[in-house]
2 protein chains.
Amino acid sequence: MTIYNFSAGPAVLPKPVLEKAQREFLDYQGSGMSVLEMSHRSSEFDAIIKDAESTLRELMAIPDNYKVIFLQGGASTQFSMIPLNFAKGGKAYYLVGGSWGKKAYTEAVKLSETIPFEPILLASSEKDNYNHIPTFDASAIDKEASYVHITTNNTIEGTAIYDLPDTNGVPIIADMSSNILAVRYNVEDFAMIYAGAQKNIGPAGVTVVIVREDFLNDTPALSSMLDYRIQADAGSLYNTPPAYSIYISKLVFDWVKEMGGVDKMEALNREKSQLLYDFIEQSDFYTSPVINKEERSVANIPFVTPSKDLDSKFVAEATPLGFKNIKGHRSVGGMRASLYNAFPRQGVVDLIAFMEKFEKENS
Amino acid sequence: MTIYNFSAGPAVLPKPVLEKAQREFLDYQGSGMSVLEMSHRSSEFDAIIKDAESTLRELMAIPDNYKVIFLQGGASTQFSMIPLNFAKGGKAYYLVGGSWGKKAYTEAVKLSETIPFEPILLASSEKDNYNHIPTFDASAIDKEASYVHITTNNTIEGTAIYDLPDTNGVPIIADMSSNILAVRYNVEDFAMIYAGAQKNIGPAGVTVVIVREDFLNDTPALSSMLDYRIQADAGSLYNTPPAYSIYISKLVFDWVKEMGGVDKMEALNREKSQLLYDFIEQSDFYTSPVINKEERSVANIPFVTPSKDLDSKFVAEATPLGFKNIKGHRSVGGMRASLYNAFPRQGVVDLIAFMEKFEKENS
């Protein structure tokens with residue numbers, strides 16, 4: 001039985017990457033050591049982390065005046081680090097189009113109880129269960145503000161921002177966890193981009209940060225580990241990095257490059273997700289909670305049947321057939337198909353065939 | 001050629017663990033998925049993290065009123081989290097017997113510039129290059145203090161604390177990164193124990209925290225990710241955990257158990273390290289910087305030849321023979337043999353044979 005892993009993260013990794021990692025698992029390039037047991041100060045690991053960075057730079061066309069840092073703690077740690085380093089006592093706006101954006105805002109508010117700055121909710125679609133990206137008037141943004149925080153892809157709700165909003169000249173910081181390398185963005189449009197690896201980059205345990213050098217903090221943060229300047233100056237080696245996660249990320253970057261790069265991945269992702277969106281649209285049985293077509297995520301596609309009971313039945317019947325982790329997030333319900341870069345087109349085709357059959361049997 | 005990895009961390013892992021991980025790399029227990037791509041909410045991962053915890057509890061005899069948490073960010077993140085959560089505006093003492101203990105103290109001082117509490121240097125052997133564990137008068141400790149921080153094993157300098165000092169009744173927090181599971185400690189003697197995994201537990205990227213429940217913070221920390229109470233209540237799943245590192249740690253815990261447990265590991269480690277200490281002692285060529293025999297680390301053994309030039313020559317000749325990462329830390333110089341649980345006895349025997357030969361040729 002073929003297994004299709006629809007998990008929203010940690011998520012499916014490219015098979016050739018896993019096969020390569022398995023082959024060199026016990027003895028990395030004749031070193032006699034596994035990457036798992038390799039000193040982060042060794043020449044072998046030095047080459048791995050430098051290759052990872054340079055391939056990522058190439059894939060995303062990251063300009064030289066941006067630093068690339070590999071950190072720990074997931075996007076959730078960034079939610080605190082960002083205001084700690086970049087709010088600088090000023091205004092920090094949050095555009096909240098999904099549950100993770102809300103968490104980013106909530107952590108900023110929590111931090112502001114100790115560290116003085118002003119987190120501001122720019123707009124939120126929470127009252128509509130985040131079924132769209134909220135809009136706002138750019139003139140409402142104070143030009144002197146420190147940053148505007150956005151989430152480019154809402155993993156749970158299945159919406160995305162493809163065209164960046166006008167922020168009245170204020171620098172944009174983006175959580176790109178669930179569509180980095182899946183969709184082309186222009187890095188220069190952002191002061192900072194960050195992404196937990198466990199969707200389109202690699203395994204859980206590493207977080208990629210891309211930050212413009214002149215945006216980096218000059219004032220030390222209250223903890224060296226939470227200080228972007230220190231982490232950037234140390235080349236991600238201020239302390240022991242999550243070496244194996246960085247190694248697998250490097251292999252994934254190599255794979256994306258071999259596949260043709262980000263533009264090619266985006267084309268494949270659009271084609272893959274369109275199959276499912278088209279099927280949902282023509283059906284009277286399945287519906288997508290996302291109300292604006294142009295905001296549809298290519299990465300995460302939630303859908304529901306006419307009832308919660310049928311949703312449960314769908315998951316119960318799909319899972320033993322190899323459609324794993326297809327259950328939707330509890331806040332949205334129903335199902336969710338996460339179609340990241342490594343997810344094969346055939347998995348979408350097979351899912352649609354199952355959906356068709358399930359519809360016939362249950363409508 | 002046999003490779004012996006003397007790295008201080010990330011460090012050698014047990015061969016049977018690596019072989020098992022390689023076998024199930026592409027398909028974990030028939031799930032059709034690699035652990036690298038497995039949802040942290042899946043039943044498979046739930047079993048992994050629960051097994052990891054229960055085996056660790058058994059190995060270290062962790063009482064039920066202690067929480068076990070798997071975190072990210074290494075021991076270095078703990079240096080900030082500990083005072084943030086546990087200083088509680090009071091006095092926090094630091095016993096500094098090595099470079100890492102100094103870092104813990106320095107981070108506490110940095111934090112105290114923003115969060116009010118009083119970090120106090122209880123004693124330090126820095127002026128003697130940390131060649132011994134500093135002593136202090138317990139009556140100098142304020143009984144109302146929040147905690148006393150110690151480092152049980154000084155990775156860089158090669159000393160260890162085996163008998164805990166009298167802290168006048170104040171709770172002890174210990175960085176046990178480099179000798180956890182290598183030496184038996186009584187968990188109940190500590191309010192909290194923490195350890196970066198990459199020495200005796202597993203790969204880099206996970207940090208184990210063992211904390212007494214009644215010691216946990218009741219006041220929220222300024223960041224959810226840095227809040228022990230939140231992390232403990234979420235069972236290490238507040239956000240996506242470093243799943244693969246936890247999986248390898250579980251395999252290492254299983255291996256330690258199969259090998260006979262911590263007491264057996266300690267006996268093996270004492271025997272292994274004694275071989276090297278005995279050899280150094282009878283030699284007029286090699287010396288150990290550690291001045292008190294009873295403070296010798298079983299895990300990290302620094303030694304020097306009569307000159308810096310000979311030290312360099314030693315490393316240059318040893319490395320191509322398969323004695324990898326034998327170079328000492330720049331702050332101590334010379335060589336360092338890290339003999340963690342997974343380091344084989346034969347590696348020590350072979351190293352001594354090389355040392356004998358090198359001594360003959362160069363004295």
Side-chain angles (χ1 to χ4, degrees), chain A residues 1-3 5 7-13 15 18-19 21-22 25-26 31-34 36-42 72-77 79-80 84 107 110-111 113-115 196 198 202-206 220 222-226 238-245 248 322 324-325 342, chain B residues 1-3 5 7-13 15 18-19 21-22 25-26 31-34 36-42 72-77 79-80 84 107 110-111 113-115 196 198 202-206 220 222-226 238-245 248 322 324-325 342:
Chain A
M1 182 176 63
T2 307
I3 299 295
N5 181 8
S7 176
V12 58
L13 289 167
K15 193 64 96 186
L18 292 174
E19 285 166 350
Q22 187 188 38
F25 196 81
L26 293 181
S31 65
M33 291 178 275
S34 172
L36 284 164
E37 51 185 358
M38 204 171 263
S39 168
H40 59 297
R41 307 285 179 194
S42 66
Q72 292 187 63
S76 296
T77 299
F79 298 164
S80 300
L84 188 60
E107 283 298 313
K110 181 182 264 199
L111 186 76
E113 289 163 16
T114 309
I115 308 289
Q198 66 271 17
V206 63
L222 50 77
S223 157
S224 299
M225 283 298 289
L226 302 183
Y238 171 74
N239 75 333
T240 310
Y244 199 75
S245 296
I248 297 287
K324 294 233 182 168
N325 301 308
Chain B
M1 181 176 64
T2 307
I3 300 295
N5 180 8
S7 176
V12 59
L13 289 167
K15 194 64 97 187
L18 293 173
E19 285 167 350
Q22 188 189 37
F25 195 79
L26 293 181
S31 65
M33 293 179 276
S34 173
L36 284 164
E37 50 186 358
M38 202 170 265
S39 169
H40 59 298
R41 307 284 179 194
S42 65
Q72 293 188 62
S76 296
T77 298
F79 297 166
S80 300
L84 188 60
E107 283 297 314
K110 180 183 266 201
L111 186 76
E113 289 162 17
T114 308
I115 307 289
Q198 66 270 17
V206 62
L222 50 78
S223 158
S224 300
M225 282 296 291
L226 302 184
Y238 172 75
N239 75 334
T240 311
Y244 199 75
S245 297
I248 298 287
K324 294 233 184 169
N325 302 309

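What you are looking at is a predicted structure, and each value in this text was computed from that prediction instead of being measured. Chain identifiers are assigned alphabetically (A, B, ...) following the order of the sequence lines, protein sequences preceding nucleic acid strands; residue numbering begins at 1 within each chain. Heavy-atom basis, side chains included; hydrogens, waters and symmetry copies ignored.
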Asker: At what distance, to the nearest 0.5 angstrom, does OG1 of A:Thr240 lie from CZ of A:Arg41?
Answerer: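 It comes to 7.0 Å.
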
Asker: Contact between B:Leu222 and A:Glu113 at the side-chain level, heavy atoms closer than 4.5 Å - yes or no?
Answerer: no

Asker: Side chain, backbone, both or neither: which part of B:Leu84 has a heavy atom under 4.5 Å from chain A?
Answerer: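 Answer is neither: B:Leu84 stays 4.5 Å or more from chain A.
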
Asker: Using heavy-atom distances under 4.5 Å, tell me whether B:Ala21 contacts chain A through its side chain, its backbone, both, or neither.
Answerer: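 Looking at B:Ala21, backbone and side chain both touch chain A.
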
Asker: I need the residue from B:Pro220, B:Ala342, B:Pro10 with the largest number of non-hydrogen atom pairs under 4.5 Å to chain A.
Answerer: B:Pro10

Asker: Using a 4.5 angstrom heavy-atom cutoff, name the option from A:Gly205, A:Ser7, A:Ser39 with the most pairs to chain B.
Answerer: A:Ser39

Asker: Using non-hydrogen atoms only, which part of B:Thr2 is less than 4.5 Å away from chain A: side chain, backbone, both, or neither?
Answerer: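 No part of B:Thr2 comes within 4.5 Å of chain A.
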
Asker: I'd like to know which of A:Gly196, A:Pro242, A:Ala11 tops the heavy-atom pair count under 4.5 Å against chain B.
Answerer: A:Ala11

Asker: Find the one option among B:Gly74, B:Ala243, B:Ser224, B:Gly322 whose heavy-atom pairs under 4.5 Å with chain A are most numerous.
Answerer: B:Ser224

Asker: As an exercise, state the distance from CE of A:Met225 to CD of A:Gln72, rounded to the nearest 0.5 Å.
Answerer: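 Between A:Met225 CE and A:Gln72 CD, I get 6.0 Å after rounding to 0.5 Å.
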
Asker: Would you give the length of the straight line joining atom OG of B:Ser76 to atom CG of A:Leu226, rounded to the nearest 0.5 angstrom?
Answerer: 11.0 Å

Asker: Which of the residues B:Ser31, B:Ser42, B:Gly9, B:Ala8 is involved in the greatest number of heavy-atom pairs with chain A at under 4.5 angstrom?
Answerer: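 Most heavy-atom pairs under 4.5 Å with chain A: B:Ser31.
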
Asker: Rounded at 0.5 Å granularity, tell me how far CD in A:Gln198 sits from CG in A:Leu13.
Answerer: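 If we round to the nearest 0.5 Å, A:Gln198:CD and A:Leu13:CG are 10.5 Å apart.
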
Asker: Counting only non-hydrogen atoms closer than 4.5 Å, does B:Thr114 touch chain A with its backbone (N, CA, C, O), its side chain (CB onward), both, or neither?
Answerer: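 The side chain, not the backbone.
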
Asker: In Å and rounded to the nearest 0.5 Å, what is the NZ to CD distance from A:Lys324 to B:Glu37?
Answerer: 11.0 Å

Asker: Can you say whether B:Gln22 sits under 4.5 Å from chain A via the side chain, the backbone, both, or neither, judging by heavy atoms?
Answerer: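 For B:Gln22, backbone and side chain are both near chain A.
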
Asker: Is it the backbone or the side chain of B:Ile3 that comes under 4.5 Å from a heavy atom of chain A, or both, or neither?
Answerer: side chain

Asker: Using non-hydrogen atoms only, which part of B:Ser245 is less than 4.5 Å away from chain A: side chain, backbone, both, or neither?
Answerer: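 No part of it gets close to chain A.
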
Asker: When only pairs under 4.5 Å are counted, which of B:Glu19, B:His40, B:Lys15, B:Met1 shares the most heavy-atom pairs with chain A?
Answerer: B:His40

Asker: Would you call the rings of A:Phe25 and A:Tyr244 parallel, tilted or perpendicular, taking 30° and 60° as the class edges?
Answerer: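 Judged by the thresholds at 30° and 60°, the geometry between A:Phe25 and A:Tyr244 is perpendicular.
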
Asker: Using modelled atom types only, decide if a donor and an acceptor are shared between the side chain of B:Asn5 and the backbone of A:Met33 within a distance under 3.5 Å.
Answerer: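 Looks like no, no N/O pair under 3.5 Å.
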
Asker: Between A:Pro203, A:Ser223, A:Gly73, which shows the greatest number of heavy-atom pairs under 4.5 Å with chain B?
Answerer: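 Heavy-atom pair counts peak at A:Gly73.
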
